[in-house]
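Following: one structure in structure tokens, then a few remarks.
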Amino acid sequence: MKKVWIIVFGLGYLGLSAQKKWSLKECVSYAVEHNLQVIQNQYNKQNQEYNLKAAQKEYLPSVTGSMTTGVSFGQGSLGAGSFRNDRFNNSVGLGADILVYNNGRLEKNVRKAQFDVEASQYDIETIKNDISLQIAQQYLTTLLNKEIVKISQSAVGNAQKQFDRAKITTQVGTTAQTVLAEAEAALAREKQNLKTAEVNVGRALFAIAQLLQLSDYKGFDVEDVNIPEKLDLQLTTADDVLATAYEIQPQIKAAESRIRSAEAQTEVSKTAFWPTLTASAGLNTFYNRQFDPMPGTVQGNFFEQYKDQFGQNVGLSLNIPIFNKGKTKLQVEQSKVNESLAKNTLEQQKQTVRQNVQKAQFDADANYENYLAAVEAEKSSKLALDFADKSYAAGRTTIYDVNVARNNYANAQGSVAQAKYNYLFSLKLLNFYAGIPLSL
């Protein structure tokens with residue numbers, strides 16, 4: 001019995017999981033966390049962070065150790081004669097050097113690396129924003145299609161009532177058989193429209209699941225959101241939005257960071273014109289043993305020689321550039337070209353943002369006008385449908401007139417929904433560029 005209850009509760013849990021509906025916030029959060037393009041750019045940022053750490057570690061001295069061991073065999077010369085000179089030798093050393101001066105090259109390298117890290121972080125935010133906008137648009141498309149499904153369901157209901165009434169009136173002989181046939185055809189058309197609307201909902205949900213990169217999309221669904229029946233005109237202007245967008249949009253911030261990185265690289269290149277002063281210090285000792293020593297030669301043991309022949313050294317090395325075939329000058333000029341490219345990229349990004357904001361403003365105004373016109377058309381179509389129904393009931397019009405009026409009303413309802421969601425997306429886009437998070 002216990003196993004039965006476990007199975008029942010387990011199936012119930014699976015049913016609840018399958019019925020989970022995603023909010024817009026959940027969709028956006030999941031997408032920006034699991035999107036492969038975002039993950040790839042996070043790896044790029046890690047590489048830039050490693051470059052920064054490497055630049056910071058350049059302040060530390062370089063320390064190296066060495067050990068040399070060798071054996072030599074052969075004759076050695078002494079005056080007019082020669083002697084056997086077979087030797088074993090060993091030496092060890094420890095050296096360190098540190099850059100003392102090169103016109104701030106280390107500091108400038110660190111500063112450039114910091115700007116590169118900043119730019120890579122802004123790149124990640126840019127991709128997240130792009131994905132968020134795609135999901136928001138597709139989310140609203142899904143809600144629109146769901147609303148069209150409701151409109152189609154209502155149309156099917158009305159067509160079903162008309163068919164039932166025509167069936168009765170045809171049976172009693174008050175209407176011709178053609179009336180029943182037309183009512184049946186109208187019902188079939190409305191059912192077809194409903195099925196098309198339901199498929200469009202599934203297609204829109206599938207598109208969101210693809211953006212989320214979900215492996216199982218069949219049980220995916222989104223939350224129903226109550227959209228106000230009446231929408232007000234957006235009063236914010238494109239100029240107001242642009243003033244904020246230029247300050248906060250990550251693609252612009254990334255371009256600005258890359259300008260500073262290019263400028264820092266130019267300063268790094270210029271340091272090659274300056275002398276380089278390096279300090280060094282070292283410790284060394286050695287051991288030498290002749291296998292067949294000459295008479296009178298004194299050889300200490302291994303540790304005695306290491307102790308007696310232990311030496312230290314310190315020094316300064318000044319490297320003054322005189323002529324390197326003009327390579328440094330060319331590198332500086334190339335860095336300046338990269339500065340110009342970075343500045344041009346910033347202007348391109350600003351232009352793109354400006355065009356997107358202006359288009360969103362234009363679309364918002366146009367969609368709002370379409371919305372108002374669609375609302376008026378819907379009212380007129382509803383009134384026409386009511387008159388057609390009453391006239392048909394009184395026998396003054398045909399069923400064809402009623403079907404035309406119903407189709408006009410359904411199309412008008414769809415136009416209102418389309419204009420409403422188009423206008424809503426334009427508003428969300430403007431708010432997004434103004435720094436307001438996406439929400440419904």
Is there a side chain to side chain contact (heavy atoms under 4.5 Å, CB included) between D221 and K146? Walk through the geometry before answering.
CA-CA 11 Å; D221 199 0; K146 284 189 173 185; 2.9 Å; yes
Test log, rule side chain to side chain contact (heavy atoms under 4.5 Å, CB included), inputs V28 and K25:
CA-CA 5 Å; V28 171; K25 183 178 180 180; 6.0 Å; no
Run the side-chain hydrogen bond (donor to acceptor under 3.5 Å, both in side chains) test on Y409 and Q413 for me, step by step, so that the C-alpha distance in whole Å, both residues' side-chain angles and the decisive distance to 0.1 Å come before the verdict.
CA-CA 6 Å; Y409 179 57; Q413 286 180 303; 3.2 Å; yes
Worked verdict on L187 versus K161 for side chain to side chain contact (heavy atoms under 4.5 Å, CB included)
CA-CA 9 Å; L187 177 59; K161 292 178 182 178; over 6 Å; no
Test side chain to side chain contact (heavy atoms under 4.5 Å, CB included) on L99 and T276; report intermediate values, then the result.
CA-CA 8 Å; L99 180 65; T276 301; 3.3 Å; yes
Using side-chain hydrogen bond (donor to acceptor under 3.5 Å, both in side chains), reason through Q334 and N338 one step at a time and then give a plain yes or no.
CA-CA 6 Å; Q334 188 177 21; N338 289 334; 5.8 Å; no
Full working for side-chain hydrogen bond (donor to acceptor under 3.5 Å, both in side chains) between E125 and Q121:
CA-CA 7 Å; E125 297 303 320; Q121 177 60 43; 3.0 Å; yes
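A donor-acceptor distance shorter than 3.5 angstrom exists from the side chain of T126 to the backbone of Q251, with no hydrogens or angles considered. The backbone N or O of I151 lies less than 3.5 Å from no partner atom in the side chain of S154, so there is not a single donor-acceptor pair. No side-chain donor-acceptor contact under 3.5 Å links S29 to the backbone of E26. With T285 contributing its side chain and Y306 its backbone, the two residues share a donor-acceptor pair below 3.5 Å. Here the side chain of N344 pairs no donor or acceptor atom with the backbone of S340 at under 3.5 angstrom. Here the side chain of T196 pairs a donor or acceptor atom with the backbone of Q192 at under 3.5 angstrom.
Side-chain atoms of N370 and Q418, non-hydrogen and from C-beta on, never get closer than 4.5 Å to each other. Counting heavy atoms from C-beta on, the side chains of E182 and T398 never come closer than 4.5 Å. Side-chain atoms of L283 and F310, non-hydrogen and from C-beta on, do get closer than 4.5 Å to each other. Under the 4.5 Å side-chain criterion, counting only non-hydrogen atoms from C-beta, Y246 is not in contact with V357. Contact annotation: the side chain of Q358 never approaches that of F362 to less than 4.5 Å [non-hydrogen atoms, C-beta and beyond]. Side-chain contact between S381 and E378 is absent, with no heavy atoms from C-beta onward closer than 4.5 Å. Side-chain contact between V92 and N284 is absent, with no heavy-atom pair separated by less than 4.5 Å. The closest side-chain heavy-atom distance from Q56 to L52 is below 4.5 Å.
A distance of 8.0 Å separates OG1 of T141 from CZ of F425, quoted to the nearest 0.5 Å. Note that CD1 of I399 is 8.5 Å distant from OG1 of T178, once rounded to the nearest 0.5 Å. Here the straight-line distance linking atom CG of L430 with atom CD1 of I436 works out to 9.5 Å at 0.5 Å rounding. A distance of 9.5 Å separates CD1 of I135 from CG of L438, quoted to the nearest 0.5 Å. Within the model, atoms CG of L94 and CD of Q312 stand 11.5 Å from one another, a figure rounded to the nearest 0.5 Å. Note: T352 OG1 to Q249 CD = 11.5 Å, rounded to the nearest 0.5 Å.
The closest side-chain donor-acceptor pair between D164 and Q160 falls under 3.5 angstrom. N44 and Q48 share no donor-acceptor pair across their side chains, judged by distance under 3.5 Å alone.
Atom CD of E247 is surrounded by 12 or fewer heavy atoms from other residues, nucleotides or ligands within 6.0 Å. Within 6.0 Å of CD in E184 there are 12 or fewer heavy atoms belonging to other residues, nucleotides or ligands. No more than 12 heavy atoms of other residues, nucleotides or ligands sit less than 6.0 Å from atom CD of Q37. Atom OH of Y30 is surrounded by more than 12 heavy atoms from other residues, nucleotides or ligands within 6.0 Å.
For Q162 against V402, the heavy-atom pair with the smallest separation is NE2-CG1, 2.8 Å. In terms of heavy-atom proximity, L180 sits nearest to T170 at CB-OG1, 3.6 Å. Here the shortest heavy-atom pairing between E223 and L143 reads O-CD2, 3.6 Å. Nearest heavy atoms, C27 versus L212: O-CD2, 3.1 Å. For the residue pair L205 and F220, the shortest heavy atom distance occurs at O-CD2, 3.6 Å. The shortest non-hydrogen separation linking T266 to K336 is OG1-N, 3.8 Å.
The side-chain tip of K270 does not point at the ring of W274 from less than 6.0 angstrom away and within 45° of straight on.
Remark: K45 does not engage D123 in a salt bridge, criterion side-chain N to carboxylate O under 4.0 Å. Checked for salt-bridge contact, K195 and E198 meet the test: a charged N lies under 4.0 Å from a carboxylate O. Between K382 and D386 there is a salt bridge, since a side-chain N of the basic residue sits under 4.0 Å from a carboxylate O of the acidic one.
Here the options are D365, N367, N431, the test is side chain to side chain donor-acceptor pair (under 3.5 Å), and the partner is S426; only N367 passes.
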Could you go through residues 318-331 and list every donor-acceptor pair under 3.5 Å that involves a side-chain atom there, pairing it with any protein atom two or more places apart or in another chain?
| residue | atom | partner | partner atom | Å |
| --- | --- | --- | --- | --- |
| N324 | ND2 | T328 | OG1 | 2.8 |

Would you be so kind as to tabulate the donor-acceptor pairs closer than 3.5 Å made by side chains of residues 105-113, with sequence neighbours excluded?
| residue | atom | partner | partner atom | Å |
| --- | --- | --- | --- | --- |
| R105 | NE | N102 | OD1 | 2.6 |
| K108 | NZ | N103 | O | 3.1 |
| K112 | NZ | D116 | OD2 | 2.7 |

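By the 30° and 60° cut-offs, the orientation of the rings of Y368 relative to Y371 is tilted.
Residues satisfying the salt bridge (Lys or Arg N to Asp or Glu O under 4.0 Å) criterion with K350, sequence neighbours excluded, are absent altogether.
Under the ring-ring contact (aromatic ring centres under 6.0 Å, His included) criterion, no residue pair touches residues 95-139, with sequence neighbours excluded. Sorted by first and then second residue, the salt bridge (charged side-chain N to carboxylate O under 4.0 Å, His left out) pairs with a member in residues 394-409 form an empty list; sequence neighbours excluded. Residue pairs satisfying the side-chain hydrogen bond (donor to acceptor under 3.5 Å, both in side chains) criterion with at least one member in residues 201-216, sequence neighbours excluded, are listed as follows: N200-R203.
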